[in-house]
Structures are given as C-alpha cells and as structure tokens.
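Shown next, in structure tokens, is the structure this report addresses.
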Amino acid sequence: MNGQNRKDITPGIEVDIVLKADQRSGKLTSGIVKDILTNSSSHPHGIKVRLTDGQVGRVKAIKSK
C-alpha cells in the first residue's frame with residue numbers, strides 16, 4: 001500500500017518514509033508513525049509524518065496496520 005492517502009495512515013503503524021535529505025537517492029527509512037503532519041486527505045508525493053524517533057518524511061510504503 002502506498003502512503004498517498006491520509007486515511008490509510010494512523011499513529012502506531014510501521015511505514016517506510018523518504019527523508020528530505022534522501023529524496024534524490026530515494027533511500028527509505030523505516031519506523032513507527034507518531035504524528036501525521038499533512039492536513040489534506042491525500043498528497044501525490046506521500047503523506048508527511050513524524051516517526052517515534054523524531055525523523056520527518058513522506059510515506060512511501062505502509063508495512064502493517
């Protein structure tokens with residue numbers, strides 16, 4: 001499942017995100033969602049989230065619900 005729809009993402013799920021610094025390389029970072037930062041219902045580049053470790057990025061894949 002991709003991370004373009006806000007309704008698919010809830011705090012506590014495991015996701016793969018791309019950090020701002022890694023956008024050119026496309027390197028993914030895994031983590032647990034703490035906060036959802038995007039207010040709109042969808043975003044073409046992925047919903048922006050904050051992970052429990054404080055890293056912020058756009059969701060590229062949802063690992064588990």
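Heavy-atom basis, side chains included; hydrogens, waters and symmetry copies ignored.
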How long is the straight-line distance from [atom2] of [Y] back to [atom1] of [X], given to the nearest 0.5 Å?
X     : Y     : atom1 : atom2 : result
Glu14 : Thr52 : CD    : OG1   : 10.0 Å
Leu51 : Leu19 : CG    : CG    : 7.5 Å
Lys60 : Leu28 : NZ    : CG    : 8.5 Å

Transitive ILVMFWY cluster of Leu37 at side-chain heavy atoms under 4.5 Å: who else is in it? Val56
Knowing that exactly one of Val59, Val33, Val49, Asp8 qualifies, which makes a side chain to side chain contact (heavy atoms under 4.5 Å, CB included) with Ile13? Val33
Who pairs with Arg58 by salt bridge (charged side-chain N to carboxylate O under 4.0 Å, His left out), at least two apart in sequence or on another chain? none
Considering residues at least two apart in sequence or located in another chain, which fulfil the side-chain contact (heavy atoms from CB on, under 4.5 Å) criterion with Lys20? Gln23
Partners meeting side-chain hydrogen bond (donor to acceptor under 3.5 Å, both in side chains) with [X] (sequence neighbours left out):
X     : result
Ser30 : Asp16, Lys63
Arg50 : Asp35
Asp53 : Gln55

For Ile9 and Gly3 the tightest heavy-atom approach is CD1-O, 3.9 Å
Nearest heavy-atom approach of Arg6 to Ile36 is NE-CG2, 3.6 Å
